[in-house]
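Basis for what follows: all heavy atoms, side chains included, without hydrogens, waters or symmetry-related copies.
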Amino acid sequence: MPWIQTYTPAGGSLGLSALVAGVPLIVIFVCLAVLKMKAHNAGPLAVASAIGIAIMVWGMPAKLAGLAFMQGAAFGLFPVFYIVITTLFLYNITVKGGQFEVIRASLAGVTGDRRIQALLIAFCFGAFIEGAAGFGTPVAIAGATLVGLGFRPLYAAGVCLIANTAPVAFGAIGIPVVALAGVMGYGDDGLMKLSTMVGRQLPFISVFIPFYVILIMVGFKKTIEVLPAIIVCGVTFAVGQWATASYLGPYLPDIISSLAAMAALVVLLQVWQPKEHYVFDHETHTGTREQHHYTAGEVFKAWTPYLALTVMVLLWGVPSIKTELEKSKVVITVAGLDNMIVKKVSKPEDGLKKITAVSAEADKLLVSLPASEPKLAGIITMLNELKGLEEKFMPVEQGLTGKGAILTEERNSGFNAIAKKSADIQKLVKDDLEKNKVTAKDQFKPLGKATADQLPINLPAKYNFNFMSAAGTAILIAAFFSALLCGVGFGDVFKLAGKTLYNMRFPAVTVASVLGLAYVMNTSGMTNCLGLVFTKTGHWFPFISPFLGWLGVFLTGSDTSSNVLFGGLQKATAEQLGLNPILTGAANTSGGVMGKMISPQSLAVATAACGMVGEEGTLFRFTLKHSIFLTIIVGVIVYLQAYYLQWMIP
């Protein structure tokens, strides 16, 4: 018999149960933020606590808890970590071939104005690196470049951290959104909707960030002097981010929007320049540009690996190509876990009311459908059969009244029979009657809603291994192609592959354990328990939801980890409140990016790259107010989308 999820196992108290359910999250946060443990050590400890609580408090069979962890860890390694590995492999190839240095030097040599340099390097180039590699590299490379050009370390680090908010949600070829879709239980359609929703939230921030960064750096008056550059940069990036996220998916928004913004800014500088080059007070010259002797052809060649990446990912998204590649997909059913967990099991006394509701909807349809119409004979027969199943099921519910939400063999069989008949009815309606306009659109929707309300939900457990159609495979092909373009030899390519795998061994443990943690919490019911608590925020939850993501990124340093930890919670709470989970899921990642600038990991990378080791506290105080301010803006955007701009939700 399937195991039934429960949400109040601790003495029947939702509050106490939620406190216990939050222990794994507290474990990982304390390990990271207080004990300063490495993430690959903190993750397994959190998993151990989650499995222990699931078994001992929630009463989840140990076999189910173990299988849930294994499924989550497997999803973490493929497709999530597969994209990370291939992305960094491509990046390492461009570094080895010298192409990345050409890219960096060519951008640093465009202008001597510090404000334009901040736009080009901190915002545009940082976004490009975030999309191409992620995992701390944008702040490290862009920050070090700005310091080398003459920026004070604090400004270089602070500017890069704040500028890096815009692209983080789509970093490392869209990993945060891919992982979010996975823990929320969405397939390709849901992934596309999440990408679209994030693309309708973050561009409002992206268009503002260039102005905000320069304002922080030089004040209002000096900012207005370069307003044309700010507008071109911000608008181009925001439009590119919106269009790519909405129509191409989560893999390329950073790459395409940053390339477009860089190109637009360089073109603008050919016809417009600020009246005078701005330099900092400590500088005695009029602004220096990094000198290089690369030709236009060499600069173009340096960019070709990422052009190849863009082309390959675009090709992999073409429906006809994707369909062909999907033919090699292997769907693995997780035996022993698939359909062995059920949720939303009603009490028998409530089940009697639901039987009445389904029968009433069936009667309404039988009255409205003309029996003389031959094309309706099949559906009329099926509706009568459904009514017969409901009548047969009534004595079962009556016999179990007062025994709580239990699932006996007889009750489970009744549910299964009703579920099968309901599915057959909806299939006939959708594929035939509505398609051929025999019945009105949505005429059967009330019946479908009534049966869905009656039936428990069996949780499927299937693992999709789609190597050929995976985005990581497109990136891998682009990497090998780039090796040829960059002149990196066959032996060096394999050395780089080995080096990349070795360097990412600990992040692999982190990703697998965090995804496994999320799956255990989701399947046991702990996530839903926490979601029920957050429903107490009621009307204000859309405003609060970005702060959950912000908190997660602040403590873990990763938008991906935050999405994995809180994605299921966002979905559960939204469903309880009657909100669209796509909105709150996207809010988690959109709000999360604002926590990146204050996370201990980001601060450590920034101070190390900018020669400020030991000054993490100073940098934290510099960025904290900006982090909170920008998160509040995201909260307002999500609140408006929830209640006043609902047309923006896909």
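Without hydrogens or angle criteria, T94 side chain to Y91 main chain gives a donor-acceptor distance under 3.5 Å. Judged purely by atom type and a 3.5 angstrom limit, S561 has no side-chain atom pairing as donor or acceptor with the backbone of S558. Although no hydrogens or angles enter the test, the distance criterion places no donor-acceptor pair under 3.5 Å between the side chain of N466 and the main chain of S469. The closest donor-acceptor contact from the side chain of T623 to the backbone of L619 lies under 3.5 Å. Side chain of T584 to main chain of Q570: a donor-acceptor pair is present (N/O by atom type, distance under 3.5 Å, no hydrogens or angles). Checked by atom type and distance alone, the side chain of T527 never pairs as donor or acceptor with a backbone atom of G568 at under 3.5 Å. Side chain of T236 to main chain of C233: no donor-acceptor pair is present (N/O by atom type, distance under 3.5 Å, no hydrogens or angles). Distance alone, capped at 3.5 Å, is enough to place a donor-acceptor pair between the N580 side chain and the I582 backbone. Formation of a donor-acceptor pair under 3.5 Å by the Q241 side chain with backbone atoms of V207 is not found in this model. Side-chain atoms of W316 do not come within 3.5 Å of backbone N or O of I321 as any donor-acceptor pair.
For S590, the side chain to side chain donor-acceptor pair (under 3.5 Å) partners are Q201, not counting sequence neighbours. For E298, the salt bridge (Lys or Arg N to Asp or Glu O under 4.0 Å) test picks out no residue, with sequence neighbours left out. Remark: K38 pairs with no residue by the salt bridge (Lys or Arg N to Asp or Glu O under 4.0 Å) rule, at least two apart or across chains. Taking F566 as the reference, nothing meets the ring-ring contact (aromatic ring centres under 6.0 Å, His included) condition, with sequence neighbours excluded. Taking the salt bridge (Lys or Arg N to Asp or Glu O under 4.0 Å) definition, one finds that D492 meets it with nothing, sequence neighbours left out. Remark: F494 engages F490 in a ring-ring contact (aromatic ring centres under 6.0 Å, His included) (not counting sequence neighbours). Shown here are the salt bridge (Lys or Arg N to Asp or Glu O under 4.0 Å) partners of K329, two or more places apart in sequence or in another chain: E326. By the side chain to side chain donor-acceptor pair (under 3.5 Å) test, Y186 is found to be paired with no residue, residues two or more places apart in sequence or in another chain being considered. Legend: residues meeting ring-ring contact (aromatic ring centres under 6.0 Å, His included) with F300, ordered by chain and number and at least two apart, are absent. With sequence neighbours left out, the ring-ring contact (aromatic ring centres under 6.0 Å, His included) criterion links Y519 to no other residue. Residues forming a side chain to side chain donor-acceptor pair (under 3.5 Å) with N92 (at least two apart in sequence, or on another chain): T500.
With values rounded to the nearest 0.5 angstrom, Y306 atom OH is found 8.5 Å from I129 atom CD1. With rounding to the nearest 0.5 Å, the separation of CE in M197 from CG in L583 is 5.5 Å. Within the model, atoms CG of L515 and OG1 of T560 stand 9.5 Å from one another, a figure rounded to the nearest 0.5 Å. One distance of note links CE of M262 with SG of C124; it measures 6.0 Å at 0.5 Å rounding. Here L459 contributes atom CG and N522 contributes atom CG; the two are 9.5 Å apart, rounded to the nearest 0.5 Å. Within the model, atoms CD of Q270 and CG of L265 stand 10.5 Å from one another, a figure rounded to the nearest 0.5 Å.
Under the 4.5 Å side-chain criterion, counting only non-hydrogen atoms from C-beta, P581 is in contact with M184. Residues P44 and V509 have side chains in contact (heavy-atom distance under 4.5 Å, counting atoms from C-beta outward). The closest side-chain heavy-atom distance from W242 to F204 is not below 4.5 Å. The closest side-chain heavy-atom distance from L314 to L252 is below 4.5 Å. Taking the side chain as every heavy atom from C-beta outward, S562 and N588 approach each other to under 4.5 Å. In this structure, Y212 and L630 have side chains that are in contact, with non-hydrogen atoms separated by less than 4.5 Å. For the pair L309 and I173, the minimum side-chain heavy-atom distance is below 4.5 Å. At a threshold of 4.5 Å between non-hydrogen side-chain atoms, the residues M594 and I205 count as touching.
Between F211 and F208, the ring planes are tilted. Angles from 30° to 60° get that label. The aromatic rings of F506 and H40 lie parallel to each other, with less than 30° between the two planes, well short of the 60° mark. Ring geometry, F467 versus F78: the interplanar angle falls under 30°, so the pair is classed parallel (tilted spans 30 to 60°).
Annotation: F128 is in aromatic contact with W303 [ring centroid separation under 6.0 Å].
Here the rule is side chain to side chain contact (heavy atoms under 4.5 Å, CB included) with F170, and of P250, P176, S257 only P250 fits it.
Counting only residues at least two apart or in different chains, side chain to side chain donor-acceptor pair (under 3.5 Å) contacts with residues 71-80 are absent.
If you check the side chains of N563 and T589, you find a donor sitting under 3.5 Å from an acceptor. For the residue pair Y82 / T473, a side-chain donor-acceptor distance below 3.5 Å is found, with atom types taken as modelled. At a cut-off of 3.5 Å, with distance as the only test, a side-chain donor of S627 or W550 sits close to an acceptor on the other residue.
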Kindly indicate, with the supporting measurements, whether the criterion ring pair (Phe, Tyr, Trp, His ring centres under 6.0 Å) is fulfilled by F100 and F125.
CA-CA 11 Å; F100 198 81; F125 189 43; 5.7 Å; yes

After noting the C-alpha distance and the side-chain angles of F554 and M597, does the key distance pass the side-chain contact (heavy atoms from CB on, under 4.5 Å) rule?
CA-CA 8 Å; F554 165 57; M597 69 180 81; over 6 Å; no

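Annotation for M37: atom CE counts as buried by contact number, over 12 foreign heavy atoms lying within 6.0 Å. Crowding of Y463 atom OH: a count of heavy atoms from other residues, nucleotides or ligands under 6.0 Å exceeding 12.
Between D338 and K462 there is a salt bridge, since at least one side-chain N of the basic residue sits less than 4.0 Å from a carboxylate O of the acidic one.
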